[in-house]
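Read through the structure below, which is laid out as structure tokens, and then see the notes.
To find a chain, count down the sequence lines: A is the first, B the second, and so on, and within it residues start at 1. Just so it is clear, the structure is predicted and the values come from calculations on it, not from any experiment.
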Number of protein chains: 2
Amino acid sequence: MSTPLEQTEIDFIEEMTLKMEETGLPRIACQILSWLMICSPVHQSFSDLIENLEISKASVSNMTRLLMQMGLIEKIRIHGERQIHFQIKNQAWVDLLEIQTQQVFDLMKISQKGIDLLANKDEFNTLRLEEMNKFYSFLSEEMPQLIDRYKNS
Amino acid sequence: MSTPLEQTEIDFIEEMTLKMEETGLPRIACQILSWLMICSPVHQSFSDLIENLEISKASVSNMTRLLMQMGLIEKIRIHGERQIHFQIKNQAWVDLLEIQTQQVFDLMKISQKGIDLLANKDEFNTLRLEEMNKFYSFLSEEMPQLIDRYKNS
DNA sequence: CATTTTGTTTAGTAATTTATAAACAAAATG
DNA sequence: CATTTTGTTTATAAATTACTAAACAAAATG
């Protein structure tokens, strides 16, 4: 058994969890992520997570898998310890935005399909679609550049 | 009664709906949004939406309200027509990103709170938090500039 | 001002998602 | 190789969300 979390830690987890839930991530995934941002040591074992966050073994198994798939955390082995440990990945947040940028690209493609669709029907009211396509084309070009600029700074 | 949608239109709505649902928006909101991107005329009445998308009156009422709150569509009155009409707002997608940029700012603030929390505990493992804070500070500064650059282009 | 049309709200159902307990599998230890 | 520890999967319960029908309210028409 580990010592229970301090109130300041609970408060931080709650605040960050609330914000991260807005992105659609399940509550427990957000709690794990938030705790991993402030825990010491920086890595936590399976049972550390179960005890500190008072969540089930199954939730830890499922939500850590989800967070790993998203590229936000990673599994590590600690010398001499049997249990898997988890920690926040380096540059996790940068990687996340890079993945999300794919969505921008997809919306650019979809808006182009819309333009083509109206063209085939000799419909000229393409302003909505042109606006959308122009903006997402801009972002598809600029976002990777912005991220690169950050990485090289 | 209006003429039923063409298959190409149905396909477009389905594709864009699928992509937009990834953002957590309800299915019917996505369908309305997608249809409003390609319909002619560009504005659609309450019953146009009901008939064309085969959805309930209540869904139209609730989901158009949601889309208006998000700033993606607007209500308009058509001269001589009793029914409310809806259409995509100008620069809807630019406005949407501007709102989402608030989230970046919030995460910057939260990561700063985490840094302060660890400092108060004389805990020096703040790399995770410093990385997050540095990146979201960068984005809080750069995203508004990027959007401005788009607007003035 | 009674009637019809238009739109919102309420109440209930259906469907999905979240979280867990329990069963199971795999791996490490003695 | 039997036992314990560790982690995953399955089945289910709980909670939330999405959607609609029906009741209701408001506004326009004749």
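Annotation for L127(B): hydrophobic cluster partners, listed by chain and number, are none (ILVMFWY side-chain heavy atoms under 4.5 Å, direct or chained).
When the C1' atom of dT6(D) is taken as reference, atom CD1 of I78(A) falls 16 Å away, rounded to whole Å. Protein atom CZ of F46(A) is 6 Å distant from nucleotide atom P of dG7(D), rounded to whole Å. The CZ atom of R65(A) sits 10 Å away from the P atom of dT10(D) (whole-angstrom rounding). At whole-Å resolution of the value, CD in E21(A) and P in dA15(D) are 16 Å apart. Spacing between atom CD of Q83(A) and atom P of dT4(D) amounts to 18 Å, rounded to whole angstrom units. We find that CD1 of I32(B) is positioned 13 Å from P of dG7(C), with the value rounded to whole Å. The distance between atom CG of L49(A) and atom P of dT20(C), rounded to the nearest whole Å, is 13 Å. Nucleotide dG7(D) holds its P atom 11 Å from the CG atom of D48(A), rounded to whole Å.
Using a 4.5 Å heavy-atom threshold, the side chains of L5(B) and W35(B) count as touching. At least one side-chain heavy atom of W93(A) sits under 4.5 Å from a side-chain heavy atom of M132(B).
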Can you list, pair by pair, the side-chain donor-acceptor contacts under 3.5 Å of residues 11-21 of chain A, counting residues two or more places apart and other chains?
| unit_1 | atom_1 | unit_2 | atom_2 | d |
| --- | --- | --- | --- | --- |
| D11(A) | OD1 | Q7(A) | NE2 | 2.8 |
| E14(A) | OE1 | R27(A) | NH2 | 2.9 |
| E15(A) | OE1 | K113(B) | NZ | 3.1 |
| E15(A) | OE2 | K113(B) | NZ | 3.1 |
| T17(A) | OG1 | I13(A) | O | 2.7 |
| T17(A) | OG1 | S34(A) | OG | 3.4 |
| K19(A) | NZ | E22(A) | OE1 | 3.3 |
| K19(A) | NZ | E22(A) | OE2 | 3.3 |
| K19(A) | NZ | D106(B) | OD2 | 2.7 |
| E21(A) | OE1 | R27(A) | NH1 | 3.1 |

Counting only pairs under 3.5 Å, give me each side-chain donor-acceptor contact of residues 53-60 of chain B, with atom names and distances, residues two or more places apart or in other chains.
| unit_1 | atom_1 | unit_2 | atom_2 | d |
| --- | --- | --- | --- | --- |
| S56(B) | OG | S59(B) | N | 3.1 |
| S56(B) | OG | S59(B) | OG | 3.3 |

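With sequence neighbours excluded, the residues satisfying ring-ring contact (aromatic ring centres under 6.0 Å, His included) with Y150(B) are F135(A), F138(A). Evaluation of the side chain to side chain contact (heavy atoms under 4.5 Å, CB included) rule for S40(A) yields E123(B) as partners, not counting sequence neighbours.
Contacts classified as side-chain hydrogen bond (donor to acceptor under 3.5 Å, both in side chains) and involving residues 126-137 of chain B (residues at least two apart or in different chains) are given here: Q91(A)-E131(B), S111(B)-N133(B). Residue pairs meeting the side-chain hydrogen bond (donor to acceptor under 3.5 Å, both in side chains) criterion with at least one member in residues 69-78 of chain A, sequence neighbours excluded, are E74(A)-Q87(A).
Between its opening and closing five pairs, the helix from dC1(C)-dG30(D) to dG30(C)-dC1(D) changes axis direction by 10°, a value rounded to 10 degrees.
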**Report entry** Base versus backbone protein contacts along nucleotides 17-30 of chain D [heavy-atom cut-off under 4.0 Å; B, S, -]
**Finding:** -SSBB-B----SS-
